[in-house]
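First comes the structure, then the notes that go with it.
Each chain gets a letter, A, B and so on, in the order the sequences are listed, and its residues count up from 1.
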There are 2 protein chains.
Amino acid sequence: MEKPTNPAETHDLSFGLLISMIRTELVRALEAELQTEGVDLRFTQFLALKRLALDGPMCAGELARAVDHDAGAMTRVIDQLETKGYVRRQPHEQDRRSMRIAVTDAGMATWRHIAKAHERTLERAQQELSPDERAQLMDSLERVLAALRAAE
Amino acid sequence: MEKPTNPAETHDLSFGLLISMIRTELVRALEAELQTEGVDLRFTQFLALKRLALDGPMCAGELARAVDHDAGAMTRVIDQLETKGYVRRQPHEQDRRSMRIAVTDAGMATWRHIAKAHERTLERAQQELSPDERAQLMDSLERVLAALRAAE
DNA sequence: CATTTATAATTGTCAAGGCAACTATATGGG
DNA sequence: CCCATATAGTTGCCTTGACAATTATAAATG
C-alpha cells in the first residue's frame, strides 16, 4: 500500500461501476443457471420470453419497451426465439403493420422449466439482505431510475 | 388496448431488468454530460481514465480488473485513449511482458475538466434519496455483488 | 378524399465486449 | 540449467446492441 489512495474513493466503487458489475454478474449467473438446466437462452432472450410468458401476447414494439430493448435488436431476438420454437409471430388483426408475438406451448414448457432457476439466481443475489433491505433496495433503485429518466 | 395491462407491472420489474435499465440510463446520462462538455469519451474509456487518474499508473491487466473489463477489450480501450493523447504506454521495468499505463498531462487536464460533470450525473441519479438511503443503497449493492461473486 | 404525418417492424451498418488463440516473458520444479 | 507451466498483452472472430434508413400501413388534416 505505498500508493496514496484517495479517501473519497476508498469506497472505491463508483455507483456506475458497481451497477455495471452487478449487471455483468447477474447475466453471467443467470446464463450459467440456464445452461445447467440445458436451456440455450441468452439473457435478453430470457427476458423477452419471460415477459411474454407472464403478460401474454403483445406486439413487438410493446415487448421491446417492456424489456427496455432497442426495437431493431428486438426483431432479431424474436427471430432467435422463433427459430428455437419458443414464440410465434401472428398477424395483428386490426393493424396490419403490427405483429402479435405469442409464446408457443414449447416456449411455455421451457419457461416453466427455467422459472425456478431464475428465482434461485435472484435469491442468491439477495441472500445477504433482509426482507426489509430487499424492499428498500428495490425502492431506491426504482427512484434512481425515475430520476435518471426525468430528463432535464 | 383490450389487453388488461396489469398495473402491478410497474412494480414487477425484476431486479435484473431494473439493474440493466439503470446501467443503460447511467451510461447515456454520463455520455451526454461528457458530450456537453465537448469531451469525446465513451463510458468505458471514461472509467479507465478515471481509474488511472485517481489511482496512478498501473499495468493493463490491473486496469482491466479494476474496471471489470475483458483484458482483450481493454487493449483496445487503451489504444483509443492513447490515440486521444490521454494515456501513454510505458515499458514495465521489472517485467518485460507488462506495460505501465500512465495518464498524460492532457489526460489529467481532461479528467479534471469532466470530474464535475461526472459528479453531477451521479448526484442527479441519487437526488431523490436521502444521505442515509444512499449509503444503504451502496452497501446493499456491494453485498449483492459480493454474494454473486462468492456463491456458486 | 388526397395528402401529409405518425407508427410498426424490419434491415444495414458499425462499435463494443466476450472468448479463444497466439506470442513473449517469467517462474517454479526436477 | 532445462523444461513445464503460468502470466501479460495482443489479436482475430463472433455476437450483441445502438442508431439510421426503409417499407408498409394507419391516422390526421386540409
Side-chain angles (χ1 to χ4, degrees), chain A residues 17 20-21 23-32 34-35 40-48 52 57-84 87-102, chain B residues 1 3 17 20-21 23-32 34-35 40-48 52 57-84 87-102:
Chain A
L17 182 52
S20 285
M21 284 171 155
R23 195 200 109 97
T24 301
E25 289 299 326
L26 261 181
V27 170
R28 225 195 290 279
L30 179 64
E31 292 186 348
L34 293 178
Q35 201 161 11
D40 179 33
L41 278 180
R42 304 305 301 272
F43 180 68
T44 305
Q45 297 166 358
F46 166 84
L47 283 184
L52 288 169
M58 64 186 81
C59 55
E62 275 182 283
L63 179 58
R65 284 187 296 276
V67 302
D68 194 40
H69 203 63
D70 176 79
M74 181 52 75
T75 291
R76 287 153 191 141
V77 172
I78 295 172
D79 288 344
Q80 294 161 344
L81 289 175
E82 204 171 31
T83 300
K84 290 174 197 294
V87 308
R88 197 170 30 230
R89 280 181 170 93
Q90 295 166 322
H92 193 287
E93 292 168 6
Q94 282 87 26
D95 189 338
R96 285 194 296 165
R97 296 169 301 178
S98 266
M99 301 302 300
R100 187 182 138 96
I101 318 296
Chain B
M1 212 187 263
K3 177 175 63 72
L17 183 52
S20 283
M21 285 171 154
R23 195 200 109 96
T24 301
E25 290 298 327
L26 217 43
V27 170
R28 225 194 289 279
L30 179 63
E31 291 186 347
L34 293 178
Q35 201 160 12
D40 178 34
L41 278 180
R42 304 305 302 270
F43 181 68
T44 305
Q45 298 166 0
F46 166 85
L47 283 184
L52 288 169
M58 64 186 81
C59 55
E62 275 182 282
L63 180 57
R65 284 187 296 276
V67 301
D68 194 41
H69 204 64
D70 177 78
M74 181 52 76
T75 291
R76 288 153 194 144
V77 172
I78 296 171
D79 288 345
Q80 293 161 343
L81 289 175
E82 205 170 29
T83 299
K84 291 175 197 294
V87 308
R88 199 172 24 234
R89 280 179 169 96
Q90 295 166 322
H92 193 286
E93 292 167 6
Q94 282 88 27
D95 189 338
R96 285 194 297 165
R97 294 169 303 178
S98 266
M99 302 302 299
R100 185 183 140 95
I101 318 296

base_contact_polar (dG17(D) base, Arg23(B) side chain, donor-acceptor, <3.5 Å): no
Specify the separation, in whole Å, of atom [atom1] of [X] and atom [atom2] of [N].
{"X": "Leu47(B)", "N": "dG17(C)", "atom1": "CG", "atom2": "C1'", "result": "14 Å"}
{"X": "Leu63(B)", "N": "dG9(D)", "atom1": "CG", "atom2": "P", "result": "10 Å"}
{"X": "Met58(A)", "N": "dA8(C)", "atom1": "CE", "atom2": "P", "result": "14 Å"}
{"X": "Met74(B)", "N": "dA20(C)", "atom1": "CE", "atom2": "C1'", "result": "19 Å"}
{"X": "Ile78(A)", "N": "dG17(D)", "atom1": "CD1", "atom2": "C1'", "result": "15 Å"}
{"X": "Met21(A)", "N": "dG18(C)", "atom1": "CE", "atom2": "P", "result": "12 Å"}
{"X": "Asp79(A)", "N": "dT15(D)", "atom1": "CG", "atom2": "P", "result": "14 Å"}
{"X": "Gln90(B)", "N": "dA8(D)", "atom1": "CD", "atom2": "P", "result": "19 Å"}

Lys/Arg N to Asp/Glu carboxylate O, Arg89(A) vs Asp79(A), below 4.0 Å: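 Looking at Asp79(A) together with Arg89(A), the answer is yes, because their closest N to O distance falls below 4.0 Å.
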Can you figure out which of [options] approaches the side chain of [X] most closely?
{"X": "Cys59(A)", "options": "dG9(D), dA9(C), dG17(D)", "answer": "dA9(C)"}
{"X": "Thr44(A)", "options": "dG18(C), dG17(D), dT25(C)", "answer": "dG17(D)"}
{"X": "Thr75(B)", "options": "dC19(C), dT13(C), dT11(D)", "answer": "dT11(D)"}
{"X": "Arg42(B)", "options": "dT16(D), dT10(C), dA15(C)", "answer": "dA15(C)"}
{"X": "Arg96(B)", "options": "dA26(C), dC19(D), dT16(D)", "answer": "dA26(C)"}
{"X": "Arg76(B)", "options": "dC13(D), dA9(C), dG17(D)", "answer": "dC13(D)"}
{"X": "Arg97(A)", "options": "dT11(C), dG18(C), dA6(C)", "answer": "dA6(C)"}

Check every strand shown and say whether [X] touches a base, only sugar-phosphate, or nothing at a heavy-atom separation below 4.0 Å.
{"X": "Asp70(B)", "result": "base"}
{"X": "Gly61(B)", "result": "sugar-phosphate"}
{"X": "Arg100(B)", "result": "nothing"}
{"X": "His69(B)", "result": "sugar-phosphate"}

First of Arg89(A) and Gln80(B) reached from the 5' end of DNA chain C, by closest nucleotide: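 So the residue in question is Arg89(A).
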Closest-nucleotide 5' rank along DNA chain C - winner of Gln45(B) and Arg28(A):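 The residue closer to the strand's 5' end, by nearest nucleotide, is Gln45(B).
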N or O in side chain of Ser98(B) less than 4.0 angstrom from dT7(D) OP1/OP2: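 Indeed not, no polar side-chain atom of Ser98(B) lies that close.
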Distance-minimising heavy-atom pair for Leu17(A) and Ala66(B): CD2-O, 3.5 Å
CG/Asp40(B): more than 12 non-hydrogen atoms of other groups inside 6.0 Å: no
Lys84(A) side chain vs Leu41(A) backbone, donor-acceptor pair below 3.5 Å: no
Full working for side-chain contact (heavy atoms from CB on, under 4.5 Å) between Ile101(A) and Met58(A): CA-CA 5 Å; Ile101(A) 318 296; Met58(A) 64 186 81; 5.6 Å; no
Any side-chain heavy-atom pair of Arg42(B) and Val77(B) under 4.5 Å: no
